[in-house]
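Keep in mind it's a predicted model, so treat the numbers as computed, not measured. If you read the sequence from its start, that first residue is 1, and numbering goes on from there. Computation of the quantities below employed the complete heavy-atom set of this structure, encompassing side-chain atoms and omitting hydrogens, waters and symmetry-equivalent molecules.
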Amino acid sequence: APFHPEPASGLDVIIQPEMSFGTGHHPTTWQMMRCLLDLDLEGKSVLDIGCGTGALAIAARKLGAAQVVAFDLDEWSFENTVANCKRNEVIGEVEVFHGTIESLSTQLGVYDVVLANINLNVLKAEMHAYAAHLAPSGTIAFSGFYTSDVPALKGVANQFGLELLTETSREDWACALFVKTASVA
């Protein structure tokens, strides 16, 4: 938050959450952030689906991503992400819009890295669209579900050419990283 002291080292992302999700303290956001720190984002394109506060999109840009697009269907999350981009001096470097994955298909193409910290039912229902916006050999990180849900998510992801690379767990919440190994029509 803006009132916390700046860290002596490491990544500094300032987030004022307002009415949005994603300060980095919840186990799902924490694991997604950890996943970002483990990826090489230098020069990559990143899509943050359901961006909430914009914490992941801002971190991706600060970690060297060349193109970052973030969106949320909630108006307050869109507005909060724009405000947090200004706080972190990445406004104009992170493209933010109010909409859904369906809105994206007419606006922008494919990405090297896709982030989706949503709930299991939404992830499963929209998996086809996530895979369509992921470049060949690109990686996609999912969270927002319990560790017991990983097999169900994996089953749907596999149908769209996504193969599980790693999974982590924190307080029974899961984060799963997949790679796109095949195109599925």
Looking at every heavy atom in both [X] and [Y], which two are closest together, and how far apart are they?
X: Tyr111; Y: Leu104; value: OH-CD1, 3.9 Å
X: Thr28; Y: Ser143; value: CB-OG, 3.3 Å
X: Val110; Y: Ala132; value: CG1-O, 3.5 Å
X: Leu162; Y: Asn158; value: O-ND2, 2.7 Å
X: Ala55; Y: Val13; value: O-CG1, 4.1 Å
X: Ala59; Y: Leu11; value: CB-CD2, 3.8 Å

Which value, rounded to the nearest 0.5 Å, describes the distance between [X] atom [atom1] and [Y] atom [atom2]?
X: Thr53; Y: Asp48; atom1: OG1; atom2: CG; value: 8.5 Å
X: Lys62; Y: Glu93; atom1: NZ; atom2: CD; value: 10.0 Å
X: Arg61; Y: Leu41; atom1: CZ; atom2: CG; value: 11.0 Å
X: Asp40; Y: Leu63; atom1: CG; atom2: CG; value: 10.0 Å
X: Phe160; Y: Ile140; atom1: CZ; atom2: CD1; value: 11.5 Å
X: Leu165; Y: Leu177; atom1: CG; atom2: CG; value: 5.0 Å

Strictly distance-based, threshold 3.5 Å: is any side-chain N or O of [X] a donor or acceptor partner for the main-chain N or O of [Y]?
X: Asn88; Y: Cys85; answer: no
X: Lys180; Y: Leu134; answer: yes
X: Asp72; Y: Cys51; answer: yes
X: Asn119; Y: Gly144; answer: no
X: Gln67; Y: Val46; answer: no
X: Asn80; Y: Trp76; answer: no

Check: When you look at Ile101 and Phe71, which way does the side chain to side chain contact (heavy atoms under 4.5 Å, CB included) test go after all the steps?
Finding: CA-CA 8 Å; Ile101 191 72; Phe71 69 89; 4.0 Å; yes

Checklist line | Aromatic contact, Phe178 with Phe142 (centres under 6.0 Å) | finding: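 Centroid distance Phe178-Phe142: below 6.0 Å, so yes.
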
Next item on the list: Determine, using ring centers only, whether Phe145 and Trp173 are less than 6.0 Å apart.
Entry: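 No, too far apart.
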
Next item on the list: Kindly work out whether a path of hydrophobic side-chain contacts (I/L/V/M/F/W/Y, heavy atoms less than 4.5 Å apart) joins Tyr146 to Ile118.
Entry: no

Check: Are Leu164 and Met127 linked, directly or through other ILVMFWY residues, by side chains that come within less than 4.5 angstrom of each other?
Finding: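 Hydrophobic grouping puts Leu164 with Met127.
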
Next item on the list: Please say which of Val114, Val122, Leu115 ends up in a side-chain contact (heavy atoms from CB on, under 4.5 Å) with Ile49.
Entry: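 Filter result, single survivor: Val114.
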
Item checked: Chi angles and distances behind the side chain to side chain contact (heavy atoms under 4.5 Å, CB included) call for Cys175, Met32 -> CA-CA 7 Å; Cys175 179; Met32 291 289 282; 3.8 Å; yes

Notebook entry, point to check: Within a strict 4.5 Å, meaning less than it, do heavy atoms of the Asp112 and Thr139 side chains meet?
Noted result: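 No, side chains not in contact.
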
Notebook entry, point to check: Going through the distances and angles, do Val68 and Glu95 end up as a side chain to side chain contact (heavy atoms under 4.5 Å, CB included)?
Noted result: CA-CA 6 Å; Val68 180; Glu95 182 178 342; over 6 Å; no

